[in-house]
Amino acid sequence: MACFRTGAQLCRQFLFSGQSSIKLFAASLSHRWMSTGKYEYIIVEKKGEKNNVGFIQLNRPKALNALCAGLMSELEQAVKGFEADNDVGAIVLTGSERAFAAGADIKEMQTKEFSEVWRGNFLSEWDALSRCSKPVIAAVNGFALGGGCEVAMMCDIIYAGDKAQFGQPEITLGTIPGAGGTQRLCKAIGKSKAMEMVLTANRMSAEEAEKAGLVSKVVPAADLVSEAVKTAEKISSFSKIASGMCKEAVNAAYEMSLKEGLHFEKRLFHASFASNDRREGMTAFSEKRPPKFTDS
Ligand code: CAA
């Protein structure tokens, strides 16, 4: 049974035990927060028959999951938690049926000044998701606009519900995409379509997004999460060393020339021969039995 002290109990202990360290108190709270998964803006759990899929649902429905600082900080914590969880082989990130996310929180940004966003390198903290070493599937229903579309593109695979809409409407606010919209969209769907979306704020339907290569699958909205979890379970059933290497190699194609990328891929392929899982996979094939991967 989980046995965590309440915030009030921790407060009392802090006030009366004579312990002078505020840091200790904060650390206890933050440990409790992460351990129990009690978040304000997201729901975090594990899914799948083997409990090996990390599941994060953006949960700020009144604001259509607008990505305020608190939400993004919780998302980072949740991703880090699943990174550290050896049972989790893949992560699913979703929103609600109405909105994956309607973008960065405009009301929070409204009064910010240039010097503040420049000096604080505003939005740089959003990169945590794209640094996750485990495969992440975005399951997008409803609006994926501005930062919402950008967060989806930070994931490795995008599945869309049939009513999903993708867009980069920042130009209507007098600004531009600031979390990868001009870069990742261009690589995903090509310059002309990306330019059109960024310059006109026109939205792309799920069907168009699949045709353009932004999403890999469109499913009925009600089936979206279970489809994404099914795929995540499949990925989780393989060696985590192999899936990590696959992800790293595919992502290298974004950054490297073909020659460099091919070399990098070959080196990772060679490196996989150092793993027990590579030996087990090939032995199991030869012995006509399912492999038992140990992530070693
Ligand atoms: N930030 C803050 N609040 C938002 C929001 C956002 N991005 N998007 C929606 N909301 C809030 C609305 O203000 C509204 O709140 P109130 O009820 O308190 O007024 C609530 O969510 C519901 O929204 P609507 O009433 O507008 O719902 P709708 O169905 O009529 O329209 C919508 C939906 C088309 C998504 C519309 O809300 C909209 O255009 N939202 C803004 C989309 C946008 O411009 N996103 C880009 C943000 S900038 C960015 O993301 C920069 C970046 O690169 C990171």
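Every number for a ligand or one of its atoms is a count from 1 in the order of the listing. Below, each value reflects all heavy atoms present in this structure, side chains not excepted, and no hydrogens, waters or symmetry copies. The structure displayed is predicted, hence computed values, not measured ones.
Between the D277 side chain and the T294 main chain, a donor and an acceptor come within less than 3.5 Å of each other. No donor-acceptor pair under 3.5 Å is formed between the side chain of Q168 and the backbone N or O of C149. When atom types are taken as modelled, the side chain of D87 and the backbone of N52 share no donor-acceptor pair closer than 3.5 angstrom. Between the Q57 side chain and the G95 main chain, a donor and an acceptor come within less than 3.5 Å of each other.
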Begin from the C-alpha positions of K193 and M204 and carry the test side chain to side chain contact (heavy atoms under 4.5 Å, CB included) through to its verdict. CA-CA 10 Å; K193 282 181 192 294; M204 189 176 251; 4.2 Å; yes
Take S133 and E83 through the test side chain to side chain contact (heavy atoms under 4.5 Å, CB included) and record every step on the way to the result. CA-CA 7 Å; S133 67; E83 280 262 36; 2.7 Å; yes
If you apply the rule side chain to side chain contact (heavy atoms under 4.5 Å, CB included), what do you find for K47 with V92, and how did you get there? CA-CA 9 Å; K47 284 189 185 285; V92 170; over 6 Å; no
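What sits closest to atom 20 (C) of ligand 1 on the protein, heavy atoms only, is K62 O, 3.2 Å. Among protein heavy atoms, the minimum distance from atom 8 (N) of ligand 1 is reached at A102 CB, 3.4 Å. Atom 23 (O) of ligand 1 has its closest protein heavy atom at L64 CD1, 3.6 Å. Nearest non-hydrogen protein atom to atom 1 (N) of ligand 1 is I106 N, 2.9 Å.
For atom 44 (O) of ligand 1, the protein comes within 4.0 Å by at least one heavy atom. Using a 4.0 Å threshold on non-hydrogen atoms, atom 17 (O) of ligand 1 does not count as touching the protein. There is no protein heavy atom less than 4.0 angstrom from atom 39 (O) of ligand 1. In this structure, atom 52 (C) of ligand 1 has a protein heavy-atom contact shorter than 4.0 Å. Atom 27 (O) of ligand 1 lies below 4.0 Å from at least one non-hydrogen atom of the protein. Within a 4.0 Å radius of atom 6 (C) of ligand 1, the protein has at least one heavy atom. Distance remark: protein heavy atom present below 4.0 angstrom from atom 13 (O) of ligand 1.
For the side chain to side chain contact (heavy atoms under 4.5 Å, CB included) with N65, the lone residue among L58, V151, D105, T94 that qualifies is L58.
Residue nearest to atom 2 (C) of ligand 1, selected from I176, D105, T175: D105 (by heavy-atom distance).
Close contacts between ligand 1 and E150 involve ligand atoms 52 (C), 53 (O), 54 (C) [criterion: under 4.0 Å to a heavy atom]. If you number the atoms of ligand 1 from 1 as listed, the ones under 4.0 Å from a heavy atom of W126 come out as 54 (C). Atoms of ligand 1 lying under 4.0 Å from any heavy atom of P177, numbered from 1 in the order shown and given with element: 53 (O). Near A63, the atoms of ligand 1 lying under 4.0 angstrom from a non-hydrogen atom of the residue are 4 (C), 9 (C), 10 (N), 11 (C), 21 (O). Annotation for ligand 1: atoms under 4.0 Å from non-hydrogen atoms of L145 are 35 (C). Close contacts between ligand 1 and K107 involve ligand atoms 12 (C), 13 (O), 15 (O), 16 (P), 18 (O), 19 (O) [criterion: under 4.0 Å to a heavy atom]. Proximity to G178 (heavy-atom distance under 4.0 Å) selects the following atoms of ligand 1: 52 (C), 53 (O). Within ligand 1, counting atoms from 1 as listed, the ones closer than 4.0 Å to a heavy atom of L123 are 54 (C).
The closest approach between M109 and ligand 1 falls below 4.0 Å for a heavy atom of the residue.
Considering only heavy atoms from C-beta on, I91 comes within 4.5 Å of I56 through its side chain. Side-chain contact check for R184 versus E150: every heavy-atom pair is 4.5 Å or farther apart.
Note: the hydrophobic cluster containing V117 also contains L173 (ILVMFWY, side chain heavy atoms under 4.5 Å, direct or indirect links). Follow the hydrophobic side-chain contacts under 4.5 Å out from I158 and you reach L93 in the same cluster. Both M154 and V140 are members of a single hydrophobic cluster when ILVMFWY side chains are connected at heavy-atom separations under 4.5 Å.
When non-hydrogen atoms are compared, ligand 1 lies under 4.0 Å from the side chain of P169 (C-beta onward) but not from its backbone. Counting heavy atoms closer than 4.0 Å to ligand 1, residue R98 contributes side-chain atoms (C-beta onward) but none from N, CA, C or O. At a heavy-atom distance under 4.0 Å, only side-chain atoms of E170, from C-beta outward, approach ligand 1.
A cation-pi contact, defined as under 6.0 Å to the ring centre and within 45° of the axis, links K112 to F122.
For F143, no nitrogen or oxygen atom sits less than 3.5 Å from a nitrogen or oxygen atom of ligand 1, counting backbone and side chain alike. Considering backbone and side-chain atoms together, A66 places no N or O closer than 3.5 Å to any N or O of ligand 1. Between L173 and ligand 1, not a single N/O pair is under 3.5 Å apart. For ligand 1, the polar-atom distance check finds no N/O of R203 at less than 3.5 Å from any of the ligand's N/O atoms.
Atom NZ of K217 sits about 9.0 Å away from atom CD1 of I137, to the nearest 0.5 Å. E210 CD to Y159 OH: the interatomic distance, rounded to the nearest 0.5 Å, is 10.5 Å.
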